[in-house]
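A short worksheet on the structure shown next.
So you know, we letter chains A, B, ... as the sequences are listed, proteins then strands, and number each from 1.
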Amino acid sequence: MADLEQFRDETRSWLEANCPPEMREPVRGEDDIYWGGRRATFKNDAQKAWLEACVAKGYTVPMWPKEYGGAGLSAPEAKVLREEMGKIGARPPLSSFGIWMLGPALLHFGTEGQKQRFLNEIARGEIRWCQGYSEPGSGSDLVSLQTFGEDKGDHWVVNGQKIWTSYADHADWIFCLVRTDKENKYGGITFMLFDMASEGVTTKPIKLISGSSPFCETFFDNVAVPKSYGDDVPAYVGTINRGWDVAKYLLGHEREMISGADGGERQAAIGAAMKRHASKTGDEIDPVLRAELAQFDVDALAYAAMGEKFLDEIKVGKAHPAQPNMMKYAGTELNKRRHELVMAVGGSRSLEWESEATESGKPAKNWLRTKANSIEGGTSEVMLNVIAKRILDLPGA
Amino acid sequence: MPLYHNEDQAMLADTAAGFMAEEGNIAKQLRHWRDRNCKDGFGHALWKQMAEMGFTGMLVEEADGGLGMGHVEAGIVLEEIGRNLTPSPFLTSSVLAATALKHGSADLKGRYLPGLIAGDSVFAVAIDETAKHRPSRITTRAEKSGNGFKLSGAKSFVIHGSSADMLVVAARTSGADDDADGITLFAVPKDAAGMSHDAVRLVDSSMATHTRFDGVELDGDAVIGEIDGGRAVLDAMLLAGRVGAAAEGVGVARGAMDMTVDYLKQRKQFGRLIGEFQALQHRASHLYSEVEIARAATIKAQQLLDGGSAHAELMASVAKAKVAKTARLAVQEGVQMHGGIGMTDEYDIGLYMKRERALAEFLGDANFHANRVAELSGY
């Protein structure tokens, strides 16, 4: 414990010295988030300095081993770092699907060569990844996917289409589920890694109801994917035709992340803030809306306790392996309710799409965005199916 | 502190679960006493056994002969009580009265705690005066009279009122009905002259009283804590009781859910187990999520209370409100998914529904506590 307190003191001084004041402001626009990659540019010097300081310290991926660009922190130490960053409102230095998704998969399934090469690039923000899972017709039902890689000996020729590929138009590489055996439903999928600049790869953004387009359709037209990128660096993770294991492992991570289990603040009570907001704008919260806010706060604070319990239990291996599905289900449904309430408190003001007062329709855009929460990463209905089958052990589920 | 039971607590949970399932189960206790129209609504032999198990004095400090444990531990016992619908004075005596007596004089503790710890006495609390919980308004009055007080007024929903040896009564010694100050808590022997108990059986087969105080004469040493300064003791007692009631409610919800999920795996309709139907699966899975979340909120409240945190009151109300809604969902889904059989007296699921309703009203329902959450959050 004394060591942890010492670590806290050191972390606090390090953050004080290295986190520029501009990086302690709340994120306001898309360009406040740094995603890294070959084509990335910094918004300002502060953003660059903050990333470089974190990379040097291993703080873009604090819990990864040092040889792969991390800081090798223990879970309690990482929690201290999160808490101290939270206290000063420090922005994450780097946002990346490489950190959130591919990294954990490589740490678990990757070869030493893959780890050395890809994890270090990810930790330094040099490479930006996108995830090629969903296909038209295969949303929550991933095992029905059709994109096919024909085995040509030393390489595959991949043909097909992916959809909902987040930021595919900005990504350098893709980690992608490709069917390599048409006969075998689960056992015929390979988890491939390849360059988005490969010949035959094209992307097309999809405009959403929120007006933004973070997602793309991604097309593969005779893309040649080599089976290896060098000594001990295969182009696939795990085993050929066993990509479903990797995908399942990753979906667990993704669901944990979307559930917001570790982002207590995001799910916490909003009533008091809504009241302050309404008084500032001279609006009133009627008694029925106040009651709805109170009921929401009860649920949100209870869910925050569940999030804490879940993370505590994960640390010591006490959580049921299907528990992330429950967290994802409850967390995303709660988040939708939260934004319905934010809209209701704002009244007609929150409908404004391009006004300065709403920072170009932020409340409405956030509200619309949350509707995807219970669809992406597996729908709420799929989560309920998994709970029924794996936790409640219901028949035929 | 991590939000799960440590080794000692997990051991206690095993012990409590085994004991309640064996000795406190529905057939042996709730149905047994109900079918005999028991005037107390619970069995004294079980209360004595609970004392032998060391449960009764969990929250009493070691210096006073108790175990000096916390609300996490008391909650473990309460969850098993809820799961088995075990009728007992644990919540009123070992949680509410014991918490009040913590603030009492050495004399009061000496007079009452040994009986409580030994399982020889039963205690009740007289707080509510209206059909809905409203402890901010106390109209029962205690006028100074010689060295003591004269108590007049009426209380309702006094659980175990007619079986209790002593009642903890919240009365007004000064000020207006809605004042926060001016409250005093008294330890009133049940047989004190001028007291009358109108006993009534409730929907869950428990016994409560409408208790009247008609110039009941009390000595000065019946006061628990400070004269006129009883609000703090009352609040501490309510806080402990609410967290305890939440724990019992989690047990009721889990008991009803487990019974229902089991039923889904056995009952066939249209040639299939009904648990195969997705419509029912989704509802069962939703219920499971809610029960897990309600349980987490309750353990959080217990830990905050044990740690003396300023947030304990907010989290206690979160837990009580969340549990009330969740247990309601559990019993309603339980009866519905059982179908016609769920409406029969022979099957236990309806007993869960009855207990849930009585427990929800005790010390404030879901709306009362959601409102409290708003107030404590400043809106």
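- Contacts of B:V373 with chain A are made by side-chain atoms alone, with heavy-atom separations under 4.5 Å and no backbone atom involved.
- Ion pairing between a basic and an acidic side chain is recognised when a charged N comes within 4.0 Å of a carboxylate O; B:D365 and B:K320 show no such pairing.
- Looking at A:K309, the atoms closer than 4.5 Å to chain B (heavy atoms on both sides) sit in the backbone and in the side chain alike.
- Side-chain polar atoms of B:Q336 and B:Q332 form no donor-acceptor pair below 3.5 angstrom.
- Among A:A330, A:S279, A:A305, the residue with the largest count of heavy-atom pairs under 4.5 Å with chain B is A:A305.
- When heavy atoms are compared at a cutoff of 4.5 Å, B:M257 does not approach chain A at all.
- The contact between B:Q278 and chain A is made entirely by side chain atoms (from C-beta outward), counting heavy-atom distances below 4.5 Å.
- Using a 4.5 Å cut-off between heavy atoms, A:K318 contacts chain B through its side chain alone, with no backbone atom that close.
- Looking only at atom types and distance, the side chain of A:R390 has no donor-acceptor partner in the side chain of A:N325 under 3.5 Å away.
- Within the 4.5 angstrom heavy-atom criterion, no atom of B:L280 approaches chain A.
- For the options B:H369, B:R295, B:K325, heavy-atom pairs under 4.5 Å to chain A are most numerous at B:K325.
- Between A:R290 and B:N371, some side-chain heavy-atom pair lies under the 4.5 Å cut-off.
- A donor and an acceptor atom, one from each side chain of A:E340 and A:W367, are located under 3.5 Å apart.
- Of the two parts of B:I299, only the side chain, counted from C-beta on, holds a non-hydrogen atom closer than 4.5 Å to a non-hydrogen atom of chain A.
- In summary, the side chains of A:S138 and A:S144 do present a donor paired with an acceptor at a separation below 3.5 Å, with no hydrogens or angles considered.
- Residue with the most contacts toward chain A among B:H282, B:K300, B:K322: B:H282 (heavy-atom pairs, distance under 4.5 Å).
- Of the atoms belonging to A:I285, not a single heavy atom falls under 4.5 Å from chain B.
- For a residue to count as touching a neighbouring chain, one of its non-hydrogen atoms must lie under 4.5 Å from one of that chain's; by this rule A:Q323 touches chain B with the side chain only.
- A side-chain N or O of A:N335 and one of A:N373 form a donor-acceptor pair less than 3.5 Å apart.
- For the pair B:H133 and B:R242, the minimum side-chain heavy-atom distance is below 4.5 Å.
- Between B:V72 and B:H5 the shortest side-chain heavy-atom distance falls below 4.5 Å.
- Of all the listed residues (B:P2, B:A294, B:S377), the one sharing the greatest number of non-hydrogen pairs under 4.5 Å with chain A is B:P2.
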